[in-house]
Amino acid sequence: MARVMVVGAGPAGMMLAAELRLAGVEAVVLDERESAGLVGSRGGGIHARSIELLDQRGLAGRFLAAGRTLDRITFGGTALALGGLPTRHPYTLALFQNEIERLLAERLDELGVRVRRGTVVTGLTVDDDGVTVHREDGDPLRADWVVGADGGRSTVRRAAGIDFPGVDATRSTLIADVRVTGAPVATGKVDARGVHGLHPMGDGTVRVVVTEAVLQRGRPTLDDLRRELTAVFGTDFGVHDPSWLSRFTDATRQAATYRSGRVLLAGDAAHVHSPTGGMGIGLGLQDAVNLGWKLARVVHGVADPDLLDTYTAERHPAGARALRYTMAQSLFQQADPRREALRELLDEVLAVPDAGTPIAALVTGLDVRHDPGNGHPLWGRRMPDLDLDTADGPRRLYSLLHHAEPLLLALDDRPLPAAAPWVGRVRRLRAGAAAEWVLPVVGAVPAPGAVFVRPDGHVGWVGGNPGGGGGDEGLTEALATWCGRPG
């Protein structure tokens, strides 16, 4: 019997399995694909907060080496610069999903996480002692907990009876990696249908995107792609030999809850949306890093299952904001006079200095804030990657999170006796740091006297002012919430 079974070996599922393994939990990953390696390029990259999460685990370098960075995003018709965001990674990483999955699969191999491929899950039966996972071929499997990371048509979500409300599709788009007759070309346009384009990928393959005249569903064919290209461009460019051909829509849906008893959801199983803005992969990675350490504490028996309710409480609002952005951005994926009027007005607003910063912070995920706690501007936000002056020399704060350990950082001489019962479970460090910390949108805030950093890099407690004052009030409650029972 597995402690945790993760259904789906996409980015969210693999990241979650890695997080659980770091926390000492053996997770089994089930995936219906017969072999590792994703056919087709799929999603196109990740934004700053997702890169930070990889940095927190010591993985950012290998991902950055595989892709290329872009220093701006576009909203409406306006380019928003990312260079001013307070992060070591003020850019988007252009890296296709097949490469992201390859690197995450390497990570699972390094950690010794097992992926059972060719396993098609058909349903679940949940009881007081665990979950029975039914599969197409073979006997049922048992687990204490199951996480569905099995995409927008999630079998796990449906089997758990979790509602998936949202906005129905209004248009569909074909996307493919194909060969073309003659030299690969780069071309694109936006019309009343939507966005269309051909983008050479450097190996003779061309990535094709074309919005269909009428909303369609189901598996597309090469003839469908040829027909739509001809209607838009007057030629089908001789497309042939597709390595991947798919259809997506602008439907936007979010699971009513990310947890139902012993079953949880992550990634596209929890939320689907238009790929506009390139947020899908990053949202799944952020789900995984929020959930992994919490589920591990419950599995180890040091925290009650109620801790898992904070997963929905924190990630559902963050996902909902991202989905609202994708719906707003999708308005600009079609051309008509009314949309152009809105675009022009929005461009004027965003031309004001720093007016685009809140949107850039939203898209990059740097503005996510959970429970605001005692009202300190740092509480609930992601911790900045500070340069620390420690007894062992200079350290970057994110280098202290490589093993997903919670960190209690003291920036003055306060003793913090409330933390004593959690010795061995919380890493304690005394260090010096800058007197002011810069937060996205908020700006500079005075450094606190102490701070508790959760394994996902978010702040779970802030203690007073530098040099004393404020003591360790509330620290006992915070450690009990996030680290479980003392001992």
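Remember, it's a predicted structure, so these values are computed and weren't measured experimentally.
Using a 4.0 Å cut-off between a side-chain N of Lys or Arg and a carboxylate O of Asp or Glu, Arg193 and Glu212 do not qualify as a salt bridge. A salt bridge links Arg21 with Glu26: the distance from a Lys NZ or Arg NE/NH1/NH2 to an Asp or Glu carboxylate oxygen falls below 4.0 Å. The pair Asp456-Arg454 meets the salt-bridge criterion, with a side-chain N (NZ, NE, NH1 or NH2) lying under 4.0 Å from an Asp/Glu carboxylate O. Residues Arg57 and Glu19 are paired through a salt bridge, judged by an N-O separation under 4.0 Å between the basic side chain and the carboxylate. Between Arg62 and Glu110, at least one side-chain N (NZ, or NE/NH1/NH2) sits under 4.0 Å from a carboxylate O, which counts as a salt bridge. The pair Asp31-Arg33 meets the salt-bridge criterion, since a charged nitrogen lies less than 4.0 angstrom from a carboxylate oxygen.
Residues Pro86 and Leu439 approach most closely at CG-C, 3.8 Å, considering heavy atoms. Of all heavy-atom pairs spanning Leu85 and Pro90, the tightest one is O-CB, 4.1 Å. Scanning both residues, Gly457 and Leu401, for their nearest heavy atoms gives CA-CD1, 4.1 Å. Contact record, Ala143 with Val146: CB-CG2, 4.2 Å, taken as the closest heavy-atom pair. In terms of heavy atoms, Ala176 sits closest to Leu245 at CB-CD1, 3.6 Å. In plain terms, the two heavy atoms of Ala9 and Arg117 that are nearest each other are CB-NH1, 4.2 Å.
Of the candidates Thr181, Val178, Val180, His240 forms a side chain to side chain contact (heavy atoms under 4.5 Å, CB included) with just one, namely Thr181. Here the options are Arg49, Arg381, Arg321, Arg382, the test is salt bridge (charged side-chain N to carboxylate O under 4.0 Å, His left out), and the partner is Asp367; only Arg321 passes. Results of the side chain to side chain contact (heavy atoms under 4.5 Å, CB included) test with Met15 over Leu291, Leu285, Leu108 single out Leu285 as the only residue that passes.
Using a distance-only test at 3.5 Å, with no hydrogens or angles considered, no donor-acceptor pair links the side chain of Asp224 to the main chain of Arg227. Side chain of Thr249 to backbone of Arg247: no donor-acceptor contact under 3.5 angstrom is found. Checked by atom type and distance alone, the side chain of Asp144 never pairs as donor or acceptor with a backbone atom of Val4 at under 3.5 Å. Asp371 places no side-chain N or O within donor-acceptor distance of the main-chain N or O of Gly380, the cut-off being under 3.5 Å. No donor-acceptor pair closer than 3.5 Å links the side chain of Ser172 to the backbone N or O of Leu215. Although no hydrogens or angles enter the test, the distance criterion places a donor-acceptor pair under 3.5 Å between the side chain of Tyr398 and the main chain of Met383. Counting only distance, with no hydrogens or angles, the side chain of Asp287 and the backbone of Gly267 share a donor-acceptor pair below 3.5 Å.
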Derivation of the salt bridge (Lys or Arg N to Asp or Glu O under 4.0 Å) call for Arg88 and Asp387: CA-CA 11 Å; Arg88 292 186 194 270; Asp387 290 311; 2.7 Å; yes
Evaluation steps, side chain to side chain donor-acceptor pair (under 3.5 Å), between Glu32 and Thr119: CA-CA 5 Å; Glu32 64 182 24; Thr119 302; over 6 Å; no
Candidate pair His89 and Leu64, rule side-chain contact (heavy atoms from CB on, under 4.5 Å), full reasoning: CA-CA 10 Å; His89 304 286; Leu64 291 170; 4.1 Å; yes
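For the pair Leu20 and Leu16, the minimum side-chain heavy-atom distance is below 4.5 Å. Under the 4.5 Å side-chain criterion, counting only non-hydrogen atoms from C-beta, Asp223 is not in contact with Leu225. The side-chain heavy atoms of Arg339 and Glu344, taken from C-beta on, include no pair separated by under 4.5 Å. The shortest distance between side-chain heavy atoms of Leu104 and Ile100 falls below 4.5 Å. Contact annotation: the side chain of Val239 approaches that of Arg226 to within less than 4.5 Å [non-hydrogen atoms, C-beta and beyond]. The closest side-chain heavy-atom distance from Trp145 to Val131 is not below 4.5 Å. A 4.5 Å side-chain heavy-atom check between Leu174 and Thr211 finds every atom pair outside the cut-off. Two residues are said to be in side-chain contact when any heavy atoms from C-beta on lie closer than 4.5 Å; Phe63 and Ile51 fail this criterion.
Side-chain contact annotation: Gln334 with Arg171, donor-acceptor N/O pair under 3.5 Å present. Counting only N and O atoms by type, the side chains of Thr205 and Asp203 include a donor and acceptor under 3.5 Å apart. When only modelled atom types and interatomic distance are considered, Asp236 and Thr230 share no side-chain donor-acceptor pair under 3.5 Å. Defined by atom type and a distance below 3.5 Å, a donor-acceptor pair is present between the side-chain atoms of His47 and Thr92. Looking only at atom types and distance, the side chain of Ser41 has a donor-acceptor partner in the side chain of Asp177 under 3.5 Å away.
With sequence neighbours excluded, the residues forming a side chain to side chain contact (heavy atoms under 4.5 Å, CB included) with His403 are Glu405, listed by chain and number. Here Pro406 pairs with Arg297, Val426, Phe452, Pro455, Cys483 under the side chain to side chain contact (heavy atoms under 4.5 Å, CB included) rule; sequence neighbours left out. Every residue meeting the side-chain hydrogen bond (donor to acceptor under 3.5 Å, both in side chains) condition with Asn290, not counting sequence neighbours, appears here in chain and number order: Lys294, Glu314. Partners of Gln97 according to the side chain to side chain contact (heavy atoms under 4.5 Å, CB included) rule, which considers only residues two or more places apart in sequence or in another chain, are Pro11, Leu38, Arg42, Glu101, Ile281.
Separation of atoms CG (Leu378) and NE2 (His458) is listed at 11.0 Å; rounding is to 0.5 Å. Atom NE2 of His316 is separated from atom CD of Gln254 by 3.5 Å, given to the nearest 0.5 angstrom. Here the straight-line distance linking atom NE2 of His196 with atom CD of Gln333 works out to 10.5 Å at 0.5 Å rounding. Rounded to the nearest 0.5 angstrom, Leu386 CG and Trp437 CH2 are separated by 5.0 Å. If you take CG on Leu264 and CZ on Arg315, they are separated by 14.0 Å, rounding to the nearest 0.5 Å. Atom CD of Gln286 sits about 10.0 Å away from atom CD of Glu52, to the nearest 0.5 Å.
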Which atom pairs, one a donor and one an acceptor, fall under 3.5 Å between side chains of residues 349-365 and the rest of the protein, sequence neighbours left out?
unit_1, atom_1, unit_2, atom_2, d
Thr357, OG1, Asp354, O, 3.2
Thr364, OG1, Ala360, O, 2.7
Thr364, OG1, Ala361, O, 3.2

For residues 152-167, tabulate all N or O donor-acceptor pairs below 3.5 Å that involve a side-chain atom, not counting sequence neighbours.
unit_1, atom_1, unit_2, atom_2, d
Ser154, OG, Asp150, OD1, 2.5
Ser154, OG, Asp150, OD2, 3.3
Ser154, OG, Val156, N, 3.3
Ser154, OG, Arg157, N, 2.8
Arg157, NH1, Gly152, O, 3.1
Arg157, NH1, Ala269, O, 2.9
Arg157, NH2, Gly152, O, 2.9
Arg158, NH1, Arg153, O, 2.5

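Surrounding CZ of Arg396 are more than 12 heavy atoms belonging to other residues, nucleotides or ligands, all under 6.0 Å away.
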